[in-house]
Amino acid sequence: MAASTLYNDLNSNRSLRLQTLVRLRWLAVGGQLLAVIVTALGLQFPLPIVPCSVLIACLALVNVILTLRFPPTQRLTPPAAFALLGLDLAQLTALLFITGGLANPFAPLLCVPVIISSASQPKPHSIVLAVFAVVGVTALAFSPFQLPWYPGTVLLIPHVLTAGIWFAIVSMTAFAAFYTYRVSLEASELSEALTATELVLQREKHLSQLDGLAAAAAHELGTPLATISVVAKEMERELGDDPRFGEDVHLLRSQSERCRDILRRLTTLSSESEEHMRLLPLSSLIEEVMAPHREFGIEIELKEQGERATEPVGIRNAGILYGLGNLLENAVDYARKKVTVTTEHTPERVRVTIEDDGEGFSPDILARIGEPYVTRRQKDDSAGGLGLGLFIAKTLLERSGARLRFENGGAKHPGARVSVEWPRALMDSKLAK
């Protein structure tokens with residue numbers, strides 16, 4: 001549900017900064033002015049200078065107003081961005097309309113506002129703007145104004161060529177807009193997914209530090225509680241037989257002793273079991289990963305291909321624990337009856353393989369496995385699953401130095417198989433030193 005909500009919010013989170021659009025507009029104003037000057041003065045072509053200058057001045061005036069009215073860091077809402085990009089599209093269409101229509105070599109620039117919208121705005125706004133662009137390109141095909149050319153010469157463009165130019169601009173606009181939209185969306189998905197990955201890893205590290213915080217708190221509370229215990233003993237000695245206070249004083253001393261015992265255990269937690277918590281043999285790591293998933297009616301079998309006496313003992317890594325746990329959770333979700341976890345270690349490498357007896361990965365999922373928001377293993381499966389969680393798991397495991405391989409078991413052993421392999425040096429604290 002969280003991954004789906006995050007995915008649905010991606011479009012709304014993309015916004016365009018006003019300063020970016022203003023700078024692009026100044027670039028457009030400069031380019032249009034340069035084109036008019038070169039055409040009219042350099043090439044001496046007959047050009048409607050006054051209408052062209054008015055259109056360019058209107059764009060510049062709007063830019064000045066926006067610069068004075070709003071701060072540079074202003075973020076445009078989708079309707080505001082749509083209005084400004086629509087204005088750019090209308091201004092450029094009008095400028096091209098009076099300077100030859102589709103015969104003008106700058107006509108393909110009509111796709112620029114649509115591309116900008118596709119990269120930064122919600123899809124509905126970009127689609128409407130693309131429709132306006134197609135309408136504008138169509139209007140240019142019927143422009144009555146001739147392309148500025150050498151005096152005394154009329155440049156006639158065949159209707160077939162005009163139709164070809166129209167089709168080329170429309171198809172280029174559609175392709176460029178779709179390509180830009182997909183690239184921008186994937187970048188947004190990746191950014192959101194990596195942010196979620198960092199939050200998960202930060203949470204896991206925070207939980208692993210709680211024992212140290214508890215021990216520190218116990219150490220600080222030890223002295224005042226010892227004082228309370230001493231005073232309670234003195235009070236019990238003096239008032240132990242008092243019918244009014246004896247029972248209360250006895251209770252006070254017993255509870256203070258109980259608190260001291262609890263603090264003693266917290267204080268020794270760091271010194272006695274810190275090494276046990278910090279260093280984790282491979283077998284203990286796998287057991288810790290498997291433990292939360294044994295109560296779901298799916299048999300989880302562990303196969304160890306190697307002696308425990310020679311197994312790697314590595315430093316506890318929250319990312320590895322979370323990543324393997326997520327892979328095992330997905331296997332349990334899609335298994336029919338059984339999930340098999342196989343561990344293998346040699347002097348060169350360490351491998352963990354997770355297999356289930358479900359239907360396996362569908363071909364389209366195998367091609368995209370590990371991407372954010374891939375939400376199903378089989379097309380006819382409505383349960384969801386392999387989405388943001390799998391991306392986070394894959395990212396965390398790869399950060400630990402692992403290589404992952406996703407595949408199906410085949411006809412004899414149907415189901416999905418995920419292999420995670422590390423160089424031995426990354427999983428063994430003795431080699432790491």
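Values below: all heavy atoms of this structure, side chains included; hydrogens, waters and symmetry mates excluded.
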Value rounded to 0.5 Å, distance of [atom1] in [X] from [atom2] in [Y]:
X	Y	atom1	atom2	result
Thr343	Lys303	OG1	NZ	11.5 Å
Asn408	Glu355	CG	CD	11.0 Å
Leu89	Phe132	CG	CZ	9.0 Å
Leu59	Gln32	CG	CD	6.0 Å
Leu324	Met290	CG	CE	11.5 Å
His293	Glu329	NE2	CD	5.5 Å

Answer whether the closest heavy-atom distance between the side chains of [X] and [Y] falls below 4.5 Å.
X	Y	result
Leu251	Ser254	yes
Tyr181	Ile127	no
Pro108	Met172	yes
Val289	Val352	no
Val135	Thr93	no

| Has Phe82 got more than 12 heavy atoms of other residues, nucleotides or ligands less than 6.0 Å from its CZ? | yes
message = For Arg403, is the CZ atom crowded, meaning more than 12 foreign heavy atoms sit under 6.0 Å from it?
response = no
For the side chain of [X] and the backbone of [Y], is there at least one donor-acceptor N/O pair under 3.5 Å apart?
X	Y	result
His345	Arg308	no
Ser126	Ser117	yes
Asn104	Thr99	yes

The side-chain contact (heavy atoms from CB on, under 4.5 Å) partners of Ala174 (sequence neighbours excluded) come to none
(request) Would you sort out whether Ile300 and Val332 count as a side chain to side chain contact (heavy atoms under 4.5 Å, CB included), showing the intermediate values? (result) CA-CA 8 Å; Ile300 302 179; Val332 171; 4.1 Å; yes
Would you check, one step at a time, whether the test side chain to side chain contact (heavy atoms under 4.5 Å, CB included) holds for Trp422 with Leu397? CA-CA 9 Å; Trp422 296 266; Leu397 290 171; 3.9 Å; yes
CA sep, side-chain torsions, deciding dist, call: Ile320, Met427, side chain to side chain contact (heavy atoms under 4.5 Å, CB included)
CA-CA 10 Å; Ile320 293 178; Met427 294 291 286; 3.8 Å; yes
[X] versus [Y], closest heavy-atom pair with distance:
X	Y	result
Asp356	Ala335	CB-CB, 3.8 Å
Ile354	Leu328	CD1-N, 3.9 Å
Ser400	Leu426	O-CD1, 3.7 Å
Phe97	Ser143	O-OG, 2.6 Å
Glu311	Arg424	C-NH2, 3.7 Å
Gly358	Arg336	O-NH1, 3.6 Å

Contacts table for residues 109-116: side-chain donor-acceptor under 3.5 angstrom, sequence neighbours left out:
none

The residue among Thr67, Leu68, Leu66, Val62 that forms side-chain contact (heavy atoms from CB on, under 4.5 Å) with Val64 is Leu68
With a 4.0 Å cut-off on N to O distance, would you call Asp88 and Arg25 a salt bridge?
yes
(Q) Run Leu282 and Glu304 through side chain to side chain contact (heavy atoms under 4.5 Å, CB included) and show every step you take. (A) CA-CA 10 Å; Leu282 178 63; Glu304 297 180 277; over 6 Å; no
